[in-house]
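These notes concern the structure reproduced below.
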Amino acid sequence: MRWAADGLLNPDLTLIHATGLTPDAWRAMGDAGVTVSLAPTSDAQIGLETAVPAIDEALGVGIRPGLSIDVEVALASDMFTQMRALHAIQRMRAVHGAYGTDTVPHRITTRDVLDFATLQGARTNGLGDVTGSLTPGKQADLLVVNAGDVNTMPLNDAVGTLVLGADARNIETVVVAGRVRKADGRLVGVDVDTLRGEVTASRDASLKVAE
């Protein structure tokens with residue numbers, strides 16, 4: 001609220017995590033048009049404040065949040081995990097809150113979380129006009145997911161398959177700014193063996209310093 005009083009809340013500000021905030025703070029954020037980035041697995045696993053991703057609080061004041069990945073060295077570093085975690089946590093909260101009453105729980109959909117991971121994620125980073133959707137004039141960023149793999153077949157609903165069935169192993173092609181970075185399931189222009197050696201050496205050096 002002090003930030004609001006000082007005029008620091010504005011559409012150029014992105015708040016990450018945003019757990020443990022009061023209703024007044026959320027109303028001030030919504031009124032100011034700030035963006036919010038949620039890191040569902042980090043909030044829950046590490047235990048930031050309430051440890052509950054603030055999805056309902058954000059939507060309640062008109063903020064459609066982006067998704068982010070925090071602490072990749074300890075937690076899953078793919079957006080599929082973040083989408084599924086948020087989808088499950090929000091639905092659990094909704095059903096739990098309505099249990100034993102006549103209230104119909106308000107549950108987010110798979111389309112919501114896909115939007116959070118793509119278009120809203122780009123917008124939250126100030127790149128909504130550059131990427132986040134397949135739109136003429138935007139950067140050519142694309143993931144091609146195999147919907148015929150064992151864990152994704154048979155394809156009935158594309159969005160549901162992406163959010164609830166697919167994972168990183170199903171990504172066959174990645175295009176970034178029109179440049180192919182992964183093709184036929186393999187990284188392009190990356191020496192994985194050399195990278196593995198560098199990562200292992202970095203890990204060993206860090207452990208040696210820790211001793």
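The first residue in the sequence is number 1, and the count goes up from there. Only this structure's heavy atoms are used, side chains among them; waters, hydrogens and symmetry mates stay out.
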Between the NE2 atom in His87 and the CZ atom in Phe116, the distance rounded to the nearest 0.5 Å is 10.0 Å
Distance (rounded to the nearest 0.5 Å) between Asp31 CG and Leu9 CG:
9.5 Å
Reported CG-to-CZ distance for the pair Asp129 and Arg123, which is rounded to 0.5 angstrom:
11.0 Å
Quick check: do Phe80 and Asn170 have side-chain heavy atoms less than 4.5 Å from each other?
no
Backbone N or O of Gly33 within a donor-acceptor pair of the Asn10 side chain at under 3.5 Å?
no
Go through Thr110 and Leu164 one step at a time and tell me if the side-chain contact (heavy atoms from CB on, under 4.5 Å) criterion holds.
CA-CA 8 Å; Thr110 54; Leu164 300 178; 3.9 Å; yes
Is the shortest side-chain heavy-atom distance between Arg181 and Val176 below 4.5 Å?
yes
Between Asn156 and Thr161, does a side-chain contact (heavy atoms from CB on, under 4.5 Å) hold up when you go through it step by step?
CA-CA 8 Å; Asn156 297 306; Thr161 295; 6.0 Å; no
Between Ser77 and Glu72, does any side-chain donor sit less than 3.5 Å from a side-chain acceptor?
no
Is a side-chain N or O of Lys182 found less than 3.5 angstrom from the main chain of Ile171, in a donor-acceptor match?
yes
Check whether Asp70 reaches the backbone of Ala39 with its side chain - one donor and one acceptor, N or O, closer than 3.5 Å.
no
Is it the case that the side chain of Asp184 and the backbone of Arg186 share a donor-acceptor pair, with hydrogens and angles ignored and the cut-off at 3.5 Å?
no
Strictly below 4.0 Å, N to O, side chains only: are Arg93 and Glu57 in salt-bridge contact?
yes
Closer than 3.5 angstrom, by distance alone: can the side chain of Thr14 be matched with the main-chain N or O of Thr124 as a donor-acceptor pair?
yes
Quick one: closest heavy-atom pair of Ser133 and Thr135, and the distance?
OG-OG1, 2.7 Å
Salt bridge (Lys or Arg N to Asp or Glu O under 4.0 Å), that's the test. Do Arg64 and Asp112 meet it? Break it down for me.
CA-CA 9 Å; Arg64 291 189 68 78; Asp112 284 321; 3.0 Å; yes
OG1-CE distance between Thr35 and Met29, expressed to the nearest 0.5 angstrom:
9.0 Å
Asp6 side chain to Leu8 main-chain N or O, any donor-acceptor pair under 3.5 Å?
no
Is it possible for you to say whether Val73 and Val199 belong to one hydrophobic cluster, with membership spreading through side-chain heavy-atom contacts below 4.5 Å?
no
For Gln90 and Ile55, the nearest pair of non-hydrogen atoms, with its separation, is CG-CG2, 3.6 Å
Checking the side chain of Ser202 only, and the main-chain atoms of Glu198 only, is there a donor and an acceptor separated by less than 3.5 Å?
no
Working note: Val34 + Ile63, criterion side-chain contact (heavy atoms from CB on, under 4.5 Å); need CA distance, chi angles, decisive distance, verdict.
CA-CA 8 Å; Val34 304; Ile63 297 175; 4.2 Å; yes
Do Val180 and Val144 sit in the same hydrophobic cluster, where Ile, Leu, Val, Met, Phe, Trp and Tyr count as joined when their side-chain heavy atoms come under 4.5 Å apart?
yes
Do you know the tightest heavy-atom contact between Val36 and Ala18?
CG1-CB, 4.1 Å
Evaluate the side-chain proximity of His17 to Leu38: yes if any heavy-atom separation is below 4.5 Å, no if none is.
no
Flag the pair Leu13 / Leu15 as yes when at least one side-chain heavy-atom distance between them is below 4.5 Å, and no otherwise.
yes
Spatial distance of atom CG (Asn125) from atom CD (Gln120) [nearest 0.5 Å]
11.5 Å
Do Asp115 and Val113 have side chains that approach each other closer than 4.5 Å (heavy atoms only, starting at C-beta)?
no
Step through the shown structure and confirm whether more than 12 heavy atoms of other residues, nucleotides or ligands are within 6.0 Å of CG on Asp191.
yes
Note: Arg169-Asp167 ion pair, threshold 4.0 Å (strictly below):
yes
Spacing of CG belonging to Asp24 relative to CZ belonging to Arg27, to within rounding of 0.5 Å
4.5 Å
Side chain Lys138, main chain Gly128, donor-acceptor under 3.5 Å:
yes
Consider only side-chain N and O atoms of Asp149 and Thr152, and report whether a donor and an acceptor are under 3.5 Å apart.
no
4.5 Å side-chain heavy-atom contact, Pro53 and Thr41:
no
According to a hydrophobic-cluster definition based on side-chain heavy atoms being under 4.5 Å apart (Ile, Leu, Val, Met, Phe, Trp, Tyr only), do Val188 and Val192 belong together?
no
With hydrophobic residues grouped by side-chain heavy-atom distances under 4.5 Å, do Tyr99 and Met92 end up in a single group?
no
Does any non-hydrogen side-chain atom of Leu143 lie less than 4.5 Å from one of Thr173?
no
Show the nearest heavy-atom pair for residues Leu21 and Ala25, with the distance to one decimal.
CB-CB, 4.2 Å
Please check: side-chain N/O of Arg91 versus main-chain N/O of Ile108, any donor-acceptor pairing under 3.5 Å?
yes
Between Ile69 and Met79, the two heavy atoms sitting closest are CD1-N, 4.0 Å
Hydrophobic clusters here meaning ILVMFWY residues chained together by side-chain heavy-atom distances under 4.5 Å, can you tell me if Ile16 and Val61 are in one?
no
Provide the closest heavy-atom pair for Pro40 versus Leu86 in the form atom of the first, atom of the second, distance.
CG-CB, 3.8 Å
pair Leu195-Val190: side-chain heavy atoms closer than 4.5 Å:
yes
With side-chain hydrogen bond (donor to acceptor under 3.5 Å, both in side chains) as the criterion, how do Asp141 and Thr131 come out once you've worked through the C-alpha distance, each side chain's angles and the decisive distance to 0.1 Å?
CA-CA 7 Å; Asp141 295 331; Thr131 187; 2.6 Å; yes
Do we see a donor-acceptor contact under 3.5 Å between the side chains of Ser68 and Ser37?
yes
